[in-house]
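Written out below as structure tokens is the structure these notes cover.
Counting starts at 1 for both ligands and their atoms, in listed order. Computed from a predicted structure; not experimentally measured.
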Amino acid sequence: MTRTIDLAGRVALVTGGTRGVGAGITRALLAAGAQVVACARRPPDGPLTEAGRTARFLPADLRDPEAVAGLLQRVRDDYGRLDTLVNNAGGTPYGDLAEGGARRAARIVELNLLVPLTVSLAAYPLLRGCPGGAAVVMVGSVSGSRPSPGSAAYGAAKAGLENLARSLAVEWAPEVRVNTVVLGMVRTERSEVHYGTAEQLAAVGRTVPLRRLAEPGEAGDACVYLASDLAGYISGASLAVHGGGERPAFLAAAHPQPRIAPDTPASPEPQAAPGAASPPGPLVVPDIPARPELWPVLDTAAPSEPQAGPDTPARRTPQAAPDTAAPPEPRVAPAPLARREPQAPPAPPTRPSAERGRPRPEGER
Ligand SMILES: NC(=O)c1ccc[n+]([C@@H]2O[C@H](COP(=O)([O-])OP(=O)(O)OC[C@H]3O[C@@H](n4cnc5c(N)ncnc54)[C@H](OP(=O)(O)O)[C@@H]3O)[C@@H](O)[C@H]2O)c1
């Protein structure tokens, strides 16, 4: 049996659906057959068309609750229903939290957390009355689940957004499903602003396990799926669309050169030499310089000085500095570091054996 996603007859609203990721979402929904309303402050550069359908543009500054109410009233008046809401509008400039100050941070949290909350609340009466159920998709970011240096307020807001989605999924069930697509880096019109030249962008792409940034349409496909009946039992979920995620930075620092040839079996875990007692303590890794511009994933703004050399394919750079790009051969995991705590300290003779593995208080480490 062939399964296709058909959203014909359904109405979708995409915030910030006019450019970047949002335009990809708008086009994907159009391709699936939906009627799409894209809202933003400025109109798109040209008509957003796909599969013979064109998205309708409605202007609104979503930071203004009255404008949000007016937008949803317009959707009610003109369509009488809303099947899918994609909360996509968002983003942030790059900069240290302390430099930007509280006012700028509040604006970022407003756009990335309060706006989706406000729009969702305004849309709820239409969504819950939708025949066959409705779906809200939050556009989240990997910045919401890992440290986000240079975009701290944004990361915090995206973390809150995912939590909001999970709470609404409970409060609004069973009529409305609420999910989050958690995006890694996506190639948009503004990518060069964020990541530099095409070569630099390619180098950034090579830090991703799938070796490239996502296309906006791929973010859109994930939204289409979550909007569709195929996802009819999925609510409160976070769908990662990040090409495999981020390789832990400490591995690059610990293993600047691959220890084993590609496509050979990984070596067995190293054994501590007999009698060589390992002192207790956490996993030890070399110092990793605090250079935010070299962190592998910044979905928000440009590394100020991308380090990867142009025209240097990933597989030809096995000597790359440990803190620049992904090691060239990620298919084979480097041999794990020896931990400093493989051996529990010998138990005192009088101590019951069951107590040996108890968690140690902080001061005991
Ligand atoms: N690009 C990435 O690599 C990436 C990675 C992870 C997550 N994301 C997420 O994906 C979403 C889109 O990002 P993007 O890169 O496509 O950003 P973008 O290119 O800056 O587009 C943002 C969209 O939101 C609209 N918008 C911004 N502020 C608005 C406001 N106050 N009222 C109404 N519309 C507003 C913009 O239109 P106007 O300016 O005309 O209003 C534009 O259509 C964001 O939620 C972002 O956090 C992106």
Pair E110 + R104: basic N to acidic O under 4.0 Å: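 Answer for the salt bridge query: no.
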Electrostatic pair R10-D229, nearest N-O below 4.0 angstrom: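 The answer is yes: the pair qualifies as a salt bridge.
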So which of [options] gets nearest to [atom], if we judge by its closest heavy atom?
| atom | options | answer |
| --- | --- | --- |
| atom 32 (N) of ligand 1 | N112, L62, L111, L213 | L62 |
| atom 33 (C) of ligand 1 | A60, G90, A23 | A60 |
| atom 4 (C) of ligand 1 | G184, G91, A67, S141 | G184 |
| atom 10 (O) of ligand 1 | V139, V115, I25, V193 | V139 |

Looking only at distance, does [X] have an N or O less than 3.5 Å from an N or O of ligand 1?
| X | answer |
| --- | --- |
| G22 | no |
| Y195 | no |
| V186 | yes |

Within 6.0 angstrom of R187 CZ, more than 12 heavy atoms from elsewhere: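 Atom CZ in R187 is not packed in, count stays at 12 or less.
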Main-chain N/O of G236 paired with N179 side-chain donor or acceptor, under 3.5 Å: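 Checked: pair present.
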Donor-acceptor pair, side chain of S151 and main chain of Y154, under 3.5 angstrom: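 No; judged by distance alone, with no hydrogens or angles, the pair does not exist.
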Donor on one side chain, acceptor on other, T180 and E162, under 3.5 Å: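 Side-chain D/A pair, T180 to E162: absent.
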No-hydrogen, no-angle side-chain donor-acceptor test under 3.5 Å, N87 and S120: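 A pair is found: one side chain offers a donor N or O, the other an acceptor, under 3.5 Å apart.
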Proximity flag K158 to ligand 1, non-hydrogen atoms under 4.0 Å: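 Right, K158 reaches ligand 1.
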Which ligand 1 atoms are under 4.0 Å away from a heavy-atom of [X]?
| X | result |
| --- | --- |
| M185 | 3 (O) |
| G16 | 23 (C), 24 (O), 25 (C), 43 (O) |
| G140 | 7 (C) |
| R42 | 38 (P), 39 (O), 40 (O) |
| N88 | 10 (O), 11 (C), 12 (C), 44 (C), 45 (O) |

Approximate separation, where rounding is to 0.5 Å, of Q73 CD and L126 CG: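 CG of L126 is found 8.5 Å from CD of Q73.
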Ligand 1 versus E189: contacting region, heavy-atom distance under 4.0 Å: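 E189 to ligand 1: no contact under 4.0 Å from either part.
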Cationic tip of R128 above Y124 ring, under 6.0 Å, 45° of axis: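 Judged by the rule (NZ or CZ under 6.0 Å from the ring centre, within 45° of its axis), R128 counts as positioned above Y124.
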